[in-house]
Protein chains: 2
Amino acid sequence: MVDHATDIGRESAARNRILDTATNLFYAEGVHAVGIDRIIAEAGVAKATFYKYFPAKDELVRAYIQGQSRQGRAMIDKISERSARDSILAIFDLVADAAAQPGYRGCPFLNAAAEYPEPSHPVRQAIDEHRQWKRDLLLGLLEADGCLDPETTADVLTVANDGLLVASHLDKPANLRRLIRETVLRILGLSADA
Amino acid sequence: MVDHATDIGRESAARNRILDTATNLFYAEGVHAVGIDRIIAEAGVAKATFYKYFPAKDELVRAYIQGQSRQGRAMIDKISERSARDSILAIFDLVADAAAQPGYRGCPFLNAAAEYPEPSHPVRQAIDEHRQWKRDLLLGLLEADGCLDPETTADVLTVANDGLLVASHLDKPANLRRLIRETVLRILGLSADA
DNA sequence: TGTCTAGTAGACAAATCTGTCTGCTCTTGA
DNA sequence: TCAAGAGCAGACAGATTTGTCTACTAGACA
């Protein structure tokens, strides 16, 4: 017997359909607002199949968050080779790309975190993992750029990233790309025209 | 007959108890996660009384948001007279004060907005109102401070405010006050030590 | 005394929530 | 040919959701 799909939970058309449907619904309407029945109906899947792959709703939510994290990393991986400083600017430009998408509703991680009060919850831990990864990514780029205080600057850039994701959703500022650039340049100390 | 309490919805011990209880629960656990039954039980109020003052749950949520807005404005009103620039710094310091509170769980407006996808919903409108007020407040202070581009700077400060509220909750950075100061000074172009 | 108002207590309806379980139909591979 | 696995369909349980409605109590006021 070949060591085939012993591991349930990987590669299955039904499972993918469930996760895709849930991803769209969770992001568009919020986690608590979307019920299992709706997901299985729109995914065209039997209830038993759902509970086979996701023993509880929270496991689906965790898979949703991890999927968003994977997707976010993939977007950043796609950025072409360039200087550390330009990489930072390109990463922040992704906020504008996301905000230009039709159903944009802010940051999936921040939205989900708002619905999970308990910091030790698996969903929150998945969110923390992503945030930690992103902070480390920025830190590395700042060090490569010769930043004098990379730790502090990474924190400030994280603040800016979160704030830009919020503002691009709730305030829809005109000329978001300019706002993003202005924010990053001021934080990096490259523009003191305040 | 004196023109007494014709207007239902103002000043009532029961109503206050409902709103106070709901405020604590909504902030601590999220809006969708808290049911009417729980609120009336913890407020020690009859169901009929609840529906007398709040014809639907969403009206209670709107009242909760408006109460948080009122409270936020009161905090800022309490800041003593000082220069425009110092006022901005003092306003941002309020983030650290809030984060130091026992049950801190981030910004009530951002958390609630995450649970209301529809921008035209009354709850979202109440949130927008508060955000607009705050942005105008910062804009006025920047103008008084002689800022060269107050509009842009107000946008960037709004970004920073949101980001700091998020980070202080999800990341719990060591030395939050220093991070706040660093963020604001860099945005105002008063510190280029990146 | 009688009436009006605010409030309490709780039954009830209708929908929806998560999760379990039974039974059926395919497809694939030995 | 036959057995196992994957998936579908849907009933069911038990809790919980928002919201309505009836019946009662206590205080204020004319």
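Letters A, B, ... are given to chains in the order of the sequence lines, protein chains preceding strands, and every chain is numbered from 1. Side chains are part of it too, since the values below use all heavy atoms of this structure and drop only hydrogens, waters and symmetry mates.
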I need the minimum non-hydrogen distance between B/Arg62 and B/Ala126, along with the two atoms involved.
CG-CB, 4.1 Å
Nearest-Å distance for atom pair NZ/C1', residues A/Lys52 and D/dG7
7 Å
When you get a sec, tell me which of D/dG7, C/dG19, C/dG7 is the closest nucleotide to the side chain of A/Ala56?
C/dG19
If the threshold is 4.0 Å, N to carboxylate O, is there a salt bridge linking B/Arg70 and B/Asp77?
no
B/Tyr51 has a side chain; which of C/dT18, D/dT18, D/dC8 sits nearest to it?
D/dT18
Any N or O donor-acceptor pair under 3.5 Å from the base of C/dG19 to the side chain of A/Lys47?
yes
Side chain of B/Ala46 only, heavy atoms from C-beta on: which candidate in D/dA6, D/dC8, C/dT8 is closest?
C/dT8
Considering only C/dG7, C/dT18, D/dG19, which nucleotide approaches the side chain of B/Tyr53 most closely?
C/dG7
Is the distance from OP1 or OP2 of D/dA6 to the nearest side-chain N or O of A/Arg17 less than 4.0 Å?
no
Test of ring centre spacing under 6.0 Å for A/His32 and A/Tyr116
yes
Is the distance from OP1 or OP2 of D/dG19 to the nearest side-chain N or O of B/Lys57 less than 4.0 Å?
no
How is B/Arg38 classified with respect to the nucleic acid when contacts are heavy atoms under 4.0 Å: base, sugar-phosphate, or nothing?
nothing
Quick note, A/Ala14 side chain, CB onward, closest among C/dT18, D/dG7, D/dT20 is D/dG7
Counting only heavy atoms not in B/Arg105 (residues, nucleotides, ligands), do more than 12 fall under 6.0 Å from its CZ?
yes
Give A/Ala48 one of three labels, base, sugar-phosphate or nothing, depending on what nucleic acid heavy atoms sit under 4.0 Å from its own.
base
Closest to the B/Thr49 side chain, choosing from C/dA6, D/dT18, C/dT8:
C/dT8
Residue closer to the 5' end of DNA chain C, A/Ile36 versus B/Ala13 (nearest nucleotide):
B/Ala13
